[in-house]
Amino acid sequence: MIGASMSATNDPIEILSRRFIDAIRGAFPEAGEGVDPLIRPCGQPELGDFQCNVAMALAKRLGKKPRDVAGAIAAAVDLSGVAHPLTEGAIAGPGFINIRLLGDALAASLAAMDDAHLGVAPAAQPERVVVDLMGVNLAKQMHVGHLRSPLIGDAIARTFARLGHTVIRQNHLGDWGLPIAMVTARLVRLEAAGKIDLNTLTLDQLDEAYRAAQMECQRDTAGLEAVRRFGLGPKAEAELEAQVEGATEAFMEARRTLVALQAKEPKTYAVWQRVRDVTMRVCMDVCARLHVDVTDEHSAGESFYADELAGVVGDLVTRGIAEESDGALIVRLDDPRWGDIETPCLIRKRDGGYLYATTDVAAIRHRVQRLHADRIVYCIDARQALHLRQVFGVSLKAGYAANPMTGRDAVMRHAAFGSVLGEDGRPFKTRSGESVRLSDLLEETVVRAQKTVKERSPDQPEEESRRIAEAVGMAAIKYADLSNDRVKDYVFSFDRMLAFEGNTGPYLLYALVRTRSILRKAAAAGVGDSWRRVPPGVNEPAEKMLALTLLRYPAALAGVADALEPHRLCQYLFELSGVFGTFFDQCPVLQSEGAVRDGRLRLCWLTGRVLEDGLTVLGIPLLERM
RNA sequence: GCCCUCGUAGCUCAGUUGGAUAGAGCAACGGAUUUCUAAUCCGUCGGUCGCAGGUUCGAAUCCUGCCGGGGGCGCCA
């Protein structure tokens with residue numbers, strides 16, 4: 001369990017678990033140690049607050065009737081000071097034991113949660129967690145396809161950090177190799193011809209140059225063959241011959257440029273550096289606007305590992321990990337220890353070139369041997385699943401994944417995600433079939449958000465509505481992505497993510513804003529802050545529901561870390577916002593008096609704190625009013 | 001051909017790692033407003049959990065086989 005649990009003293013599930021473990025020990029000594037009493041929030045609030053599901057499983061092991069086992073446990077358990085005594089009606093169905101908490105105990109648990117950590121105990125064994133997120137390519141405009149990795153990766157990184165682990169973010173840039181050399185070669189040529197000015201170079205120009213470079217290096221040998229075979233005439237043949245010749249020349253130039261880059265030849269390297277700077281500037285701007293915590297210092301791309309590839313491959317050959325096959329070098333992984341993968345991993349081509357698998361293996365070696373990672377999380381497209389399994393397998397087989405500090409293999413996991421689809425169910429594109437620039441997408445979201453903000457609050461100054469729209473827009477776009485099970489594709493829809501009804505980012509912000517509003521008004525009315533120290537209200541059904549939901553926060557966070565699924569936290573925060581909405585509707589705060597009012601103020605305060613904390617873990621910006 | 005992945009209400013999606021009568025949101029319909037921000041709340045309608053077997057007290061969840069969508073399979077990254 002990588003996720004933290006609530007500190008044992010205040011979580012009702014922990015308290016109940018201990019009581020039931022004692023009861024099981026007393027009633028069934030033969031059950032042995034380490035029995036999980038399976039305490040869960042009760043599915044039906046009318047039956048209880050929590051339920052114990054252990055009787056059925058235990059009965060099977062002991063060869064007894066489930067209801068008899070449940071009865072024995074119920075008779076043996078001591079719930080004094082925690083929950084109401086169990087009556088006969090508490091045992092239901094095949095052997096569920098329904099538990100009703102004492103109001104005082106519930107209020108006390110909640111009050112205990114109102115500490116600096118919101119009940120989230122720092123990890124007992126902090127790990128060093130490397131999170132691989134993003135991975136943009138040089139000289140290419142960022143588009144929708146680049147959205148999910150940083151959003152999901154950042155949310156996962158923030159979750160681990162929140163739980164007390166040390167997080168190291170890594171932006172695995174596609175900044176090396178022949179494709180980059182092709183662009184660089186083209187830019188060198190264009191600049192020499194005075195056709196471009198590197199000082200004013202934009203990413204759009206780079207994007208165009210990238211495509212042009214791809215085109216001019218691509219030899220149409222297949223076309224030439226076809227022309228010859230079908231005898232389409234000397235003119236067509238001559239044209240294609242010229243194309244192939246030109247492409248071959250461009251290709252050779254790119255290869256020379258790659259060699260120059262590897263040697264860090266000053267002129268060529270400077271151009272490459274410029275390409276990198278222009279690309280990264282835009283990338284960092286997008287990250288900043290998205291509130292994704294990735295900066296230049298997290299960059300460690302292909303160029304970073306370029307000098308290590310020969311050493312890695314040499315090591316693998318020397319130690320017999322890699323073997324030759326058809327002139328290339330491969331690593332066999334068809335063994336359960338390495339993942340039981342039929343397809344071998346290719347790490348060096350017949351022509352001596354390295355592949356992206358080679359770089360990824362070098363990256364794992366670096367991350368574990370030098371950064372001392374205990375865990376590496378890859379937030380990468382689901383299509384890379386096989387590739388990553390292979391890379392993990394090679395690293396294990398080579399011993400690169402063995403952490404030198406602990407001697408244990410780093411836990412390597414792929415947080416795979418699906419595609420962003422348009423409303424037609426096909427990959428998200430513009431009407432003309434172009435991919436949508438990420439910066440355009442963000443701007444359109446904010447513009448749409450501002451339109452609605454203005455409709456709601458026409459009197460707001462322009463600056464204020466723009467500021468609110470910015471947060472609402474980012475909340476909308478991020479929540480829409482994070483709230484889906486990451487492994488599935490999802491349909492991108494401005495209308496749905498910005499419709500401020502239902503399961504959306506703006507809805508959560510609205511819930512937060514309402515908690516703030518009440519506390520602001522209380523302060524303005526001179527209520528003081530003595531309510532900070534009174535027990536939270538848990539008498540009304542809506543209060544109680546809110547209290548029970550608040551207590552689930554630490555478990556929700558832990559679930560995200562265990563499953564690498566931020567949507568679990570989204571689901572939780574949405575439920576919390578919902579029960580707060582009901583509470584808000586049914587339990588007047590400022591119109592109440594005395595202990596009732598104070599207890600409700602404290603519930604608002606706690607709800608606000610949990611929403612604030614949870615939204616921050618998701619990387620969603622906060623608002624005081626909207 | 002082999003491997004991975006998805007299939008739940010008209011639409012978009014959850015389902016706490018095998019628990020009780022499968023839940024939300026949207027859409028549709030009805031209700032609540034002297035607003036602690038109605039960007040809200042309450043209710044009604046809506047299901048062969050792709051299909052068929054199997055495992056057991058109990059399956060949307062696990063195992064097998066099909067059907068359908070998407071993706072991947074040694075010299076691109």
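Computed from a predicted model, the values in this text were never measured in an experiment.
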### Query
Where the side chain of A:Gln51 is defined as all heavy atoms beyond and including C-beta, which of B:C41, B:A20, B:C57 is the nearest nucleotide?
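The answer is B:A20.
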
### Task
Can you sort out which residues in residues 484-494 of chain A have a heavy atom within less than 4.0 Å of RNA chain B? Ascending by number, please.
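When residues 484-494 of chain A is checked for heavy atoms under 4.0 Å from RNA chain B, the hits, listed by number, are A:Asn484, A:Asp485, A:Lys488, A:Asp489, A:Tyr490, A:Val491.
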
### Query
Using the rule for Phe, Tyr, His and the six-membered ring of Trp, do A:Phe96 and B:A20 stack at under 5.5 Å and under 30°?
yes

### Task
Could you tell me if the ring centre of A:His414 sits under 6.0 Å from that of A:Phe392?
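Not close enough - the centres of the two rings lie 6.0 Å or further apart.
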
For [X], answer base if it contacts any base atom (sugar-phosphate contacts may also be present), sugar-phosphate if it contacts only those atoms, and nothing otherwise; contact means non-hydrogen atoms under 4.0 Å.
| X | value |
| --- | --- |
| A:Gly581 | sugar-phosphate |
| A:Pro66 | nothing |
| A:Ala563 | base |
| A:Asp381 | nothing |

Pairs: protein N or O with nucleotides 72-77 of chain B N or O, under 3.5 Å:
from  : atom 1 : to       : atom 2 : distance (Å)
B:C75 : O2     : A:Arg350 : N      : 2.5
B:C75 : N4     : A:Asp326 : O      : 3.1
B:C76 : OP2    : A:Lys349 : NZ     : 3.1
B:A77 : OP1    : A:Tyr354 : O      : 3.4
B:A77 : O3'    : A:Glu302 : OE2    : 2.7
B:A77 : N6     : A:Tyr356 : OH     : 2.7
B:A77 : N1     : A:Tyr356 : OH     : 3.4

Pairs under 3.5 Å (N/O, protein and nucleotides 31-38 of chain B):
from  : atom 1 : to       : atom 2 : distance (Å)
B:C36 : O3'    : A:Lys521 : NZ     : 3.2
B:C36 : O2     : A:Leu590 : N      : 3.2
B:C36 : N3     : A:Val589 : N      : 3.1
B:C36 : N4     : A:Phe584 : O      : 2.3
B:C36 : N4     : A:Cys587 : O      : 3.2
B:U37 : OP1    : A:Ser517 : OG     : 2.2
B:U37 : OP2    : A:Ser517 : OG     : 3.0
B:U37 : OP2    : A:Lys521 : NZ     : 3.1
B:U37 : O3'    : A:Tyr510 : OH     : 3.4
B:U37 : O2'    : A:Tyr510 : OH     : 2.1
B:U37 : N3     : A:Met626 : O      : 3.0
B:U37 : O4     : A:Met626 : N      : 3.0
B:A38 : OP2    : A:Tyr510 : OH     : 3.4
B:A38 : OP2    : A:Arg514 : NH1    : 2.7

### Query
Are OP1 or OP2 of B:A24 and a side-chain N or O of A:Tyr572 less than 4.0 angstrom apart?
no

### Task
Answer yes if the side chains of A:Asn503 and A:Tyr479 hold a donor-acceptor pair under 3.5 Å, and no otherwise.
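Side chains of A:Asn503 and A:Tyr479: pair found under 3.5 Å.
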
